[in-house]
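Reviewing the structure listed below.
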Amino acid sequence: MRFTVSSTALSSKLVALSKVINSKNALPILGDFVFDVSGQTLRLTASDSENTMQTAVELNESDGEGRFAIGNHDLLEAVKGFSEQPIIFDVDQQTNIAKISYQNGLFSLPIENADEFPVPQSVGEQASTIVISNGLLSENINRSIFATAQDELRPVMNGIYFDLTTEWLGVVASDGHKLVRNRIYSVRSEQPASFILPKKPAGLLKNLLGKDGGDVTIRFDERNAEINYGDGIIICRLIEGRYPNYNSVIPQNNPNELRVDRNSLLAALRRVQPFANDSSNLIRFKVEGSVLQLDAEDYDFSKTATERMTCDYNGQPMSIGFKGSSFIEVLSNFDCPEVVIQLADPSRAGLVLPSEQPEGEDVLMLMMPMLLND
C-alpha cells in the first residue's frame with residue numbers, strides 16, 4: 001500500500017491526536033496511531049481506552065487500502081519538523097515495515113496489526129443530542145474547567161456537568177469551595193437530560209475548538225458520549241453518578257452589592273496574596289462606602305499587606321474572608337471590564353457576576369467564605 005499526504009496537514013492532525021495518548025499504557029498498542037486508508041481519505045485514530053479521538057486527512061494520491069498501527073512518538077517527532085511538502089508512505093504489511101520518504105530523505109518504522117486496537121463503545125440508539133456552536137461550547141468549557149475538583153471520594157465532582165432542561169443548557173463545575181454555573185438559553189430540549197464530562201476530554205475540546213462558527217453535536221447516553229466537532233470525533237466514557245443539586249447552594253438574596261473594576265481587583269489580589277498564610281491563603285475583604293480594603297497576614301513569618309481601592313458599594317459595612325488563590329482564578333475566568341460581587345453576611349457564600357451578561361447567557365460564580373479570626 002502506498003499513499004501521499006501533505007506534511008503540515010498530517011502533522012497538525014497527529015499533534016492534536018497525541019494529546020489523548022497516555023505516557024504509560026496498559027496495552028502497548030495504545031501508544032500507537034491507527035492509520036486507516038480508504039479511497040482518497042486517511043482516517044487517524046488515537047486512544048487511552050477511555051477516550052478515543054478520530055480525524056481524517058485528504059490524501060494527494062493513494063494506491064491500495066488497509067489499516068495499520070504505528071508508534072506515536074517517533075513518527076510525531078519526525079513529521080513535526082517538516083516544512084510543507086508531500087510525504088510518501090510505502091507500507092508493507094508482510095514485513096510490518098512502513099517506509100516514509102520525503103524531499104531530502106527517508107526513514108522506516110515498524111507497524112503493528114490495527115485489529116488489536118480496542119474498539120470504542122458506541123453510544124446507544126436512545127441517546128440524547130445537544131447541538132451547540134463551536135465558539136459557545138469552547139467559551140463555556142474555558143470558563144468552567146478550572147472549578148472542577150480532584151476528589152477520589154466524590155468522582156462526580158471531577159468533571160463538568162451538562163444539565164439540559166426545557167429552558168436552557170446548564171454548564172456547571174464545582175470543587176465544593178467554588179462553583180461556576182453557566183446557562184445557555186439558545187440550547188434546550190423537551191426531554192431533560194444530563195451528563196458529566198470528565199476533565200480530560202473537556203481539556204481536549206478546550207484546545208481543539210475554535211471560533212469558526214460551526215456546530216458541535218454531542219450524542220450521549222448513561223455511559224458514553226460522542227462529540228463531533230467538525231474536524232473530528234471524540235468518543236469518551238462519562239463519569240457515572242448523580243451530580244449534587246447545585247441550585248440549592250446558590251443564594252437567592254444577597255442584598256449587599258459591590259461593583260469593581262475586574263483588572264484592578266485582580267492586580268491588587270495578586271500583590272496582596274503572597275503575604276497571606278501559606279496553608280489558609282486567607283484574604284480579608286473589608287468594604288465600606290466607596291472603599292474596598294484587602295488585607296493579608298502571616299504572623300508566623302511577620303508578613304502583612306494592605307491595599308485599598310475605590311469601588312461602588314451598596315450595602316452594610318462588612319468584613320468577609322475568601323481564599324485568595326481561588327478568587328484570582330474566578331476573576332481570571334471572566335472577560336468583562338467590571339464584576340459585581342453580591343454578599344449577604346460573612347458566613348454565607350458570595351456571588352461574582354459579570355457587570356453585563358453575555359448575550360443569551362447567564363453566568364455566575366460562587367465563592368464560599370472563610371472564617372475570620374477577629
Side-chain angles (χ1 to χ4, degrees), residues 10-36 42-57 66-82 87 89 91 93 95-98 100 107-123 141-142 144-160 173 175 195-209 220 223-227 229 231-241:
L10 179 64
S11 175
S12 65
K13 301 289 187 183
L14 293 182
V15 167
L17 285 178
S18 68
K19 302 288 195 298
V20 80
I21 299 174
N22 291 332
S23 55
K24 294 181 180 178
N25 296 290
L27 297 173
I29 199 163
L30 289 174
D32 291 1
F33 297 118
V34 171
F35 281 58
D36 186 349
L42 167 62
R43 288 182 174 79
L44 299 163
T45 304
S47 178
D48 65 359
S49 81
E50 292 196 348
N51 306 285
T52 301
M53 281 180 66
Q54 298 174 339
T55 189
V57 188
R67 296 175 74 237
F68 62 93
I70 190 167
N72 84 89
H73 186 265
D74 291 332
L75 180 62
L76 192 60
E77 289 303 309
V79 301
K80 266 201 305 194
F82 287 149
I87 300 178
F89 281 72
V91 181
Q93 291 179 300
T95 60
N96 289 329
I97 292 290
I100 298 117
F107 56 92
S108 62
L109 289 170
I111 62 171
E112 295 181 67
N113 186 349
D115 294 339
E116 296 174 18
F117 202 81
V119 178
Q121 281 196 314
S122 57
V123 175
I141 289 175
N142 271 309
S144 307
I145 196 169
F146 82 95
T148 54
Q150 287 184 309
D151 191 335
E152 292 181 7
L153 299 177
R154 293 187 300 169
V156 293
M157 306 295 282
N158 299 342
I160 299 177
D175 61 3
F195 68 93
I196 307 171
L197 184 68
K199 198 178 299 188
K200 183 170 180 177
L204 292 170
L205 280 169
K206 174 183 166 184
N207 295 322
L208 289 167
L209 296 176
F220 62 95
R223 291 191 159 199
N224 302 290
E226 181 183 291
I227 304 165
Y229 57 93
D231 208 29
I233 296 173
I234 294 177
I235 302 165
C236 61
R237 191 173 300 163
L238 300 173
I239 297 174
E240 294 182 52

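One is the number of the first residue; the rest follow in order along the sequence. Quick note: numbers below take in every heavy atom, side chains included, and nothing from hydrogens, waters or symmetry partners.
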Could you list the residues that satisfy ring-ring contact (aromatic ring centres under 6.0 Å, His included) with Phe220, not counting sequence neighbours?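 Partners of Phe220 by the ring-ring contact (aromatic ring centres under 6.0 Å, His included) criterion, ordered by chain and then number, come out as Phe195.
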Mind checking what makes ring-ring contact (aromatic ring centres under 6.0 Å, His included) contact with Phe68, not counting sequence neighbours? Phe35
When rounded to the nearest 0.5 angstrom, what is the spacing between [atom1] in [X] and [atom2] in [Y]?
X: Leu75; Y: Ile70; atom1: CG; atom2: CD1; result: 5.0 Å
X: Leu205; Y: Ile234; atom1: CG; atom2: CD1; result: 4.0 Å
X: Arg237; Y: Ser49; atom1: CZ; atom2: OG; result: 6.0 Å
X: Phe89; Y: Leu42; atom1: CZ; atom2: CG; result: 7.5 Å
X: Ile233; Y: Met53; atom1: CD1; atom2: CE; result: 11.0 Å
X: Ile239; Y: Glu50; atom1: CD1; atom2: CD; result: 9.5 Å

Could you pull out all residues at least two apart from Lys206 that satisfy salt bridge (Lys or Arg N to Asp or Glu O under 4.0 Å)?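 None.
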Could you pull out all residues at least two apart from Lys199 that satisfy salt bridge (Lys or Arg N to Asp or Glu O under 4.0 Å)?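 Partners of Lys199 under the salt bridge (Lys or Arg N to Asp or Glu O under 4.0 Å) test: none.
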Identified side chain to side chain contact (heavy atoms under 4.5 Å, CB included) partner of Cys236 from the options Thr52, Leu204, Asp48, Asn51: Asn51
Under a 4.5 Å cut-off applied to non-hydrogen side-chain atoms, are Ile100 and Val79 in contact?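 Side-chain contact under 4.5 Å: no.
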Taking every non-hydrogen atom, the tightest pair across Ala16 and Leu208: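 Smallest interatomic distance, heavy atoms only, reads CB-CD2, 3.7 Å.
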Lys13 and Asp231: CA distance, side-chain angles, deciding distance, side chain to side chain contact (heavy atoms under 4.5 Å, CB included) verdict: CA-CA 9 Å; Lys13 301 289 187 183; Asp231 208 29; 2.8 Å; yes
Tell me which donor-acceptor pairs under 3.5 Å the side chains of residues 17-33 have, and how far apart each pair is, sequence neighbours excluded?
from, atom 1, to, atom 2, distance (Å)
Ser18, OG, Val15, O, 2.7
Asn22, OD1, Lys200, NZ, 2.8
Asn25, ND2, Asn22, O, 3.2

Candidate pair Thr45 and Asp36, rule side chain to side chain contact (heavy atoms under 4.5 Å, CB included), full reasoning: CA-CA 8 Å; Thr45 304; Asp36 186 349; over 6 Å; no
For Glu77, look at atom CD and say whether over 12 heavy atoms of other residues, nucleotides or ligands are found less than 6.0 Å away.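 Atom CD in Glu77 is packed in, count exceeds 12.
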Show me the donor-acceptor pairs, under 3.5 Å and distance only, between side chains in residues 113-121 and residues at least two apart or in other chains.
from, atom 1, to, atom 2, distance (Å)
Asn113, OD1, Asp115, N, 2.9
Asp115, OD1, Arg67, NH1, 3.2
Gln121, OE1, Asn224, ND2, 3.4

Donor-acceptor pair, Thr148 side chain versus Ile160 backbone, under 3.5 Å? no
Walk me through whether Gln54 and Arg43 qualify under side chain to side chain contact (heavy atoms under 4.5 Å, CB included). CA-CA 7 Å; Gln54 298 174 339; Arg43 288 182 174 79; over 6 Å; no
Between Ile111 and Asn96, is the side chain to side chain contact (heavy atoms under 4.5 Å, CB included) condition met? List the steps. CA-CA 5 Å; Ile111 62 171; Asn96 289 329; 4.0 Å; yes
